[in-house]
Structure formats: structure tokens, C-alpha cells
Asker: 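A single structure is presented below for examination.
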Amino acid sequence: MIGTANGYRVSITGIGGNAPERVMTNEELSQLVDTSDEWIVVRTGIHERRIAREDEALSDIALPAVQDALEMAGVSGPELDLIVCATVTPDMAFPATAALIADRLGSSEAAAYDLSAGCTGFMYGIAQAYGMLAGGVCRRALVVGGDVLSKIVDWSDRATCIVFGDGAGAVVMERVEQGGFMGFELGADGSGGMQLYLPAGGSREPTSSATVAAHGHFVHMNGREVFKFATRVLVSSAEKLLDQLGLTVDDIDLYVPHQANIRIIKHAVERLGIPEEKVVINVDRYGNTSSGSIPLALADAVRERRVHKGDIVLMTGMGAGLTWGSGVMEWTEEMAA
Ligand code: UT7
């Protein structure tokens with residue numbers, strides 16, 4: 001789907017990012033699997049990632065980001081009327097982590113649900129919240145994107161465990177007078193679903209001792225195929241949306257791509273023709289945090305004062321599904337973390 005803004009203007013009015021304290025270096029990983037710091041840096045650009053403690057779940061990692069976002073927006077938990085949590089690693093299959101977050105925030109008036117669109121989840125989440133805000137169904141939304149992939153990664157599989165990390169970001173979205181979201185382009189190609197999936201634990205293959213023994217509860221990824229898909233859609237999705245909006249890459253002030261692999265980002269940047277100084281990159285420090293990737297990177301950019309009132313921001317995500325999604329917005333006001 002592709003669409004341009006219609007209805008009330010809607011923007012991000014607060015943002016926060018958070019990752020667990022524990023840092024895992026490539027050196028440490030090379031003690032676990034047959035790999036090296038050099039291989040990981042050359043093939044992915046990742047130097048280190050954050051890993052959750054055993055007792056840390058998604059909501060624990062997301063809450064500090066949520067609190068920062070609410071504080072920046074000057075919105076309290078009870079004032080929220082929508083909470084969307086994009087993740088593939090909720091605290092538990094149900095209830096929704098969004099409902100658990102609502103409880104922690106005292107958001108008793110809010111609709112709260114989780115959304116599953118792999119690493120694209122945050123883009124889908126902000127597009128949904130946009131629709132509800134622009135259509136006047138709600139006034140103050142919180143969109144959380146976050147994952148704790150360390151809990152579902154096979155730590156004996158060197159082709160996947162080196163790529164992922166844990167982290168979360170959150171944005172408050174509200175109606176505004178100026179700027180805001182200009183449009184979205186989102187899509188899914190289920191024929192590629194088995195390129196990146198978690199086989200067991202659902203209704204297709206319920207949990208059993210056999211699924212556990214077969215490593216069915218871990219991420220399975222065909223890295224090369226996902227890589228090809230990523231390089232294609234990061235470019236095509238952005239181009240389609242810019243074209244629909246009557247914009248060119250020269251209009252973009254800040255580009256926030258999904259932080260999957262530095263080679264994927266560089267390919268997109270080159271093909272789109274966006275100057276490097278406009279690109280937000282933190283994959284070197286966090287790895288691929290899935291749904292946490294884009295809000296964490298955007299939160300970094302805000303903290304570093306790289307985004308200003310009136311700037312045009314392009315975000316594009318891709319991931320399991322296979323899914324992809326882009327959004328373009330005009331930044332509404334100066335923000336300081
Ligand atoms: O958010 C969306 C989710 N995922 C992604 O975006 C991931 C997209 N894919 C990738 O980033 C890359 O495909 C990887 C980083 C996962 C792998 O890099 P690659 O350049 O595609 O490597 P490859 O899978 O083609 O493997 C090349 C070689 C293989 O050896 P042979 O068959 O050529 O002898 C692998 O066995 O590298 C080997 N290899 C490793 N060697 C050292 C694979 N993983 C490792 C490793 N350390 N960790």
C-alpha cells in the first residue's frame with residue numbers, strides 16, 4: 001500500500017531509546033562460535049551488541065524508552081489512548097506486551113495491542129497510529145518498537161547469532177499544527193516468509209520436546225536471500241514513496257534505514273544517492289535490534305541534535321514476512337533528550 005497524508009496533521013512529539021547494559025563484543029562471540037571480529041566487522045559492520053539479562057523481558061527494556069518519550073512530549077500515561085508494541089519477542093505470547101506496558105503506565109483508557117511485522121514492525125506501527133490519529137479516532141498514541149532477539153537466537157549458529165542484538169525505542173505521536181507525516185509505503189511478500197522465521201511454538205508446530213530438540217524455537221534465516229531482498233526493497237520502497245510525494249532524494253535531510261548490516265545500508269545509500277552525512281548509522285554499536293532498530297537510531301539522531309524543525313526525514317525498514325515499509329515526515333519541533 002502507498003498513501004499520502006490526509007486528515008489531521010500528525011507528528012512525533014517525543015522519542016526515547018534504550019538497550020540493555022550488557023555489551024557483547026565480537027571477541028566474546030568468537031569464544032562461542034567459529035567466527036572472528038574481522039569477519040563480523042567486514043561482513044556486517046557490527047562491533048558490539050547489547051544483550052538482555054536472563055530476567056529482562058521486552059517490557060523492561062522498552063519502559064525507560066517509553067518514559068523518555070512521554071517526558072519529552074509532556075504526555076502522561078493516563079492521557080494515552082493508543083499503545084502499539086511492534087515486536088516478535090513479546091514478554092509472552094499473550095497478553096500483549098502493549099497491555100503490560102499500559103498497566104505500568106496507568107493508561108487505563110488506551111487500546112493496547114502488539115503487532116508482528118518482523119523488523120518492519122515499527123514502520124507498520126507508526127503507520128497504523130498515524131491513521132487513527134489523522135482520522136480523529138484517537139489523540140495521543142504511543143508506538144513502541146523493540147526486540148530481545150538474544151532470547152530466540154541459536155547461540156550455536158554463527159550465521160545468525162552474530163547479527164542480532166537487543167534494544168527498544170518508543171515515540172509519542174499526536175496531532176500537530178505544523179509538519180508531521182507526509183506518507184507511507186508498506187508491503188509484504190509472504191512467498192519469502194520461510195527465509196526468516198521461527199518454526200515452532202505456534203499452531204503449525206506446537207511446542208514439544210521434539211521441537212525443542214530440533215532447535216525449532218530459534219530464528220532460522222537464509223542470510224543471503226534476506227540480504228538480496230533488503231538491498232532491493234530499501235531502494236524501491238523509498239523511491240516509490242518519494243515519487244508519490246513529489247519529492248526527490250535532495251529533499252531528504254535525514255535518512256534512517258533499518259540497521260541490519262552496514263553493507264545493506266551502504267548499498268541503499270549509494271543507489272538512492274543520499275550523502276553519507278545525512279544517514280543515521282548505529283548498527284556498529286547495537287547490531288540488528290529488529291523492531292527496535294529504527295526508533296533507536298532516530299532517538300540517537302535526536303539526542304545528537306541531528307534533526308531540526310522543518311527537516312524531511314525518511315525511514316525505511318525491512319524484515320520477516322518478508323515485509324518492508326517507508327515513511328516520510330517533516331520534523332515538527334526541536335527536541336532535546
Ligand atoms: O533485519 C532483517 C534480518 N536480517 C538481515 O538483514 C540479514 C541479511 N543478511 C546478512 O546480513 C548476511 O547475509 C550475513 C551477515 C548474515 C551473512 O553474510 P554473507 O556475506 O551473506 O555470508 P554468507 O552467508 O554468504 O556466507 C559466506 C561464508 C560461508 O562460508 P563458505 O560457504 O563460503 O565456505 C559461511 O559459512 O561465510 C561463512 N560464515 C561465517 N564465517 C565466519 C557465515 N557466518 C560466519 C561467521 N563467521 N559468523
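Values reported hereafter were calculated over all heavy atoms of this structure, with side chains retained and with hydrogens, waters and symmetry mates removed. In listed order, ligands and their atoms are each counted from 1. Computed from a predicted model, the values in this text were never measured in an experiment.
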Asker: Can we say Arg22 and Glu54 salt-bridge, meaning some charged N sits less than 4.0 Å from an Asp/Glu carboxylate O?
Answerer: no

Asker: Between Phe181 and Phe184, how do the two ring planes meet: parallel, tilted or perpendicular, split at 30° and 60°?
Answerer: parallel

Asker: Collect the protein residues that have a non-hydrogen atom under 4.0 Å from ligand 1 and hand them over in chain and number order.
Answerer: Asp34, Thr35, Trp39, Arg43, Thr44, Cys119, Arg158, Ala159, Ile162, Val163, Leu196, Met221, Gly223, Arg224, Val226, Phe227, His258, Ala260, Asn261, Arg263, Ile264, Asn288, Met318

Asker: Check residues 263-278 and write down every donor-acceptor pair under 3.5 Å in which the side-chain atom is one partner and the other belongs to a residue at least two apart or another chain.
Answerer:
unit_1 : atom_1 : unit_2 : atom_2 : d
Arg263 : NH1    : Arg43  : O      : 2.7
Lys278 : NZ     : Ile252 : O      : 3.0

Asker: Strictly below 4.0 Å, N to O, side chains only: are Asp300 and Arg285 in salt-bridge contact?
Answerer: yes

Asker: Can you sort out the partners of Lys228 under salt bridge (Lys or Arg N to Asp or Glu O under 4.0 Å), two or more places apart, ordered by chain and number?
Answerer: Glu225

Asker: Report all side-chain donor-acceptor pairs from residues 158-165 shorter than 3.5 Å, counting only partners two or more places apart or in another chain.
Answerer:
unit_1 : atom_1 : unit_2 : atom_2 : d
Arg158 : NH1    : Asp34  : O      : 3.0
Thr160 : OG1    : Asp157 : O      : 3.4
Thr160 : OG1    : Asp157 : OD2    : 3.0

